[in-house]
Number of protein chains: 2
Amino acid sequence: MRPRDAAATEQALLDAARARFATDGFDRTTIRAVAADVGVDAALVIRYFGSKQELFTRAADLDLGLPDLTGVRAGDLARVLVDRFFAVWEDDPTFLALLRAATTSDVAAAAMREVFAAQVAPALAAVTDDRPAERAALVGATVLGFALSRYVLRVPPLVSMSREDAQTWLGPTLRHYLLD
Amino acid sequence: MRPRDAAATEQALLDAARARFATDGFDRTTIRAVAADVGVDAALVIRYFGSKQELFTRAADLDLGLPDLTGVRAGDLARVLVDRFFAVWEDDPTFLALLRAATTSDVAAAAMREVFAAQVAPALAAVTDDRPAERAALVGATVLGFALSRYVLRVPPLVSMSREDAQTWLGPTLRHYLLD
DNA sequence: CCGTCATGTCATCGACCGATGACACGAGGA
DNA sequence: TCCTCGTGTCATCGGTCGATGACATGACGG
């Protein structure tokens with residue numbers, strides 16, 4: 001029996017929503033399904049979050065956890081970034097939810113740009129001061145393209161690629177965008 | 001007054017559907033809207049294509065027009081590929097429609113994989129015979145990430161990037177994936 | 001033991017969508 | 001001229017969704 005605990009219920013709804021948004025995208029995710037996953041009535045979701053859009057905004061709040069790259073040696077950059085990549089994409093459905101939603105929702109696309117502007121660009125600015133926004137965007141595009149192909153499109157050679165191989169392939173690309 | 005020409009009407013519906021799918025994605029595109037764009041009744045769309053899914057499949061049939069890369073010098077590879085990139089993404093809404101749909105539809109994702117397998121991989125196999133599938137997938141991921149960031153997410157530094165700059169940035173990456 | 005309020009449910013609304021089948025129109029041939 | 005058939009329309013169905021507001025329930029304090 002679920003205890004009558006609003007905070008816990010709200011958290012459970014956010015978790016369920018993240019999972020649904022990640023696998024189904026924004027449009028195909030229904031408030032009814034999220035509520036059913038948690039075992040409550042759909043009306044409760046609206047009561048807590050006001051609207052489906054607001055539920056998404058709350059569920060897709062994202063922290064990439066990028067470390068301070070100041071002083072990281074050039075040779076270690078790729079390893080650090082690719083490690084973060086796998087942590088963010090494989091251990092947490094949030095980014096996948098955001099990506100799936102961003103292709104059909106302006107609000108989600110704006111949220112994604114905000115992640116770049118607030119987290120990626122500042123972190124990478126510690127590595128270079130030549131056209132940092134452009135370089136950060138290219139790194140972002142690289143990461144998104146790899147994630148899209150591997151986790152969404154499921155292109156076979158990328159699905160089965162080991163983390164080490166990913167490191168080996170992506171490393172020189174990331175270094176090129178950041179340092180060349 | 002539209003002449004009563006089934007073939008022309010069907011073609012107009014396919015064009016309108018491509019445009020709608022490209023901007024709105026699969027779910028938000030309605031048969032009613034496509035029909036209204038052409039000026040016919042929604043029932044006619046169903047009569048011609050059977051279902052919305054089938055309409056999409058017909059509309060998203062895609063030809064990348066990749067040239068034969070045999071004998072293209074390494075220094076020219078990037079230019080050729082980036083040229084094709086812009087032709088495919090900026091002059092034709094088909095790929096954008098496929099990309100938007102692929103993030104929320106297994107059928108569209110499968111269609112995208114098919115494009116890789118049938119067009120990208122064979123074309124790039126002419127350049128290398130060391131792990132060609134892996135290399136082609138990485139090139140594809142690069143291209144998709146750039147397109148996603150530029151045309152869908154509209155990340156500012158990429159939106160305003162000139163073709164020449166795109167060439168300069170992406171060139172070494174593509175060469176790395178194809179030749180290193 | 002009772003009342004209150006937070007927590008959660010139920011019934012329902014209005015809108016929209018994909019799809020169906022019957023019907024209208026109009027050009028071209030017998 | 002009239003009939004036929006290709007082309008397109010109309011009315012409608014069944015279903016789903018987000019959202020709303022009234023109502024139920026149960027824990028906790030007095």
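By convention in this document, chain letters (A, B, ...) are assigned in the order of the sequence lines, proteins followed by strands, and residues within each chain are numbered from 1. In this text the structure is predicted, and so the values were computed from the model without any measurement.
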Inset, instruction - Can you figure out which of D:dA19, D:dT9, C:dT20 approaches the side chain of B:I46 most closely? - result: C:dT20

Inset, instruction - Using whole Å, report how far CZ of B:R28 lies from P of C:dC16. - result: 14 Å

Inset, instruction - Kindly say whether A:L170 contributes a backbone atom to a donor-acceptor pair with the side chain of B:H176 at under 3.5 angstrom? - result: no

Inset, instruction - Return the value, rounded to whole Å, for the distance between atom CG of B:L44 and atom P of C:dA22. - result: 17 Å

Inset, instruction - Using whole Å, report how far CG of B:L13 lies from C1' of C:dG18. - result: 15 Å

Legend entry - Separation of atom CZ in B:F26 from atom P in C:dG18, rounded to whole Å: 8 Å

Legend entry - Closest non-hydrogen atom pair, A:A74 against A:R175: O-CD, 3.7 Å

Legend entry - Any side-chain donor near an acceptor of the partner, A:T94 and A:D92, under 3.5 Å: yes

Inset, instruction - Consider the side chain of A:K52, meaning its heavy atoms from C-beta on, and name the nucleotide among D:dT7, D:dG18, C:dG8 that approaches it most closely. - result: D:dG18

Inset, instruction - Provide, to the nearest angstrom, the distance between the CG atom belonging to A:D5 and the P atom belonging to C:dT7. - result: 8 Å

Legend entry - Note: B:D130-B:R135 ion pair, threshold 4.0 Å (strictly below): yes

Legend entry - A:L69 and A:L81, any side-chain heavy atoms less than 4.5 Å apart: yes

Legend entry - Most 5' of A:D27 and A:R47 on DNA chain D, judged by nearest nucleotide: A:D27

Legend entry - Residue-phosphate contact under 4.0 Å: A:Y48 side-chain N/O, C:dT7 OP1/OP2: no

Inset, instruction - Kindly point out which of C:dA19, D:dT9, C:dG8 is positioned nearest to the side chain of B:A43? - result: D:dT9

Inset, instruction - Can you tell me the distance, in whole Å, between the CZ atom of A:R20 and the C1' atom of D:dC17? - result: 14 Å

Inset, instruction - Verify the contact: side-chain N or O of A:T9 to OP1 or OP2 of C:dT7, cut-off strictly under 4.0 Å; return yes or no. - result: no

Inset, instruction - Would you mind telling me which residue lines up with the more 5' stretch of DNA chain C, A:R32 or A:D41, judged by nearest nucleotide? - result: A:D41

Legend entry - Length of the line joining A:D24:CG and D:dC17:P, which is rounded to integer Å: 11 Å

Inset, instruction - Starting from P on D:dG6, measure out to CD on B:E10 and report it in whole angstrom. - result: 15 Å

Inset, instruction - Tell me which nucleotide among D:dA22, C:dA19, D:dA19 gets nearest to the side chain of B:I31. - result: C:dA19

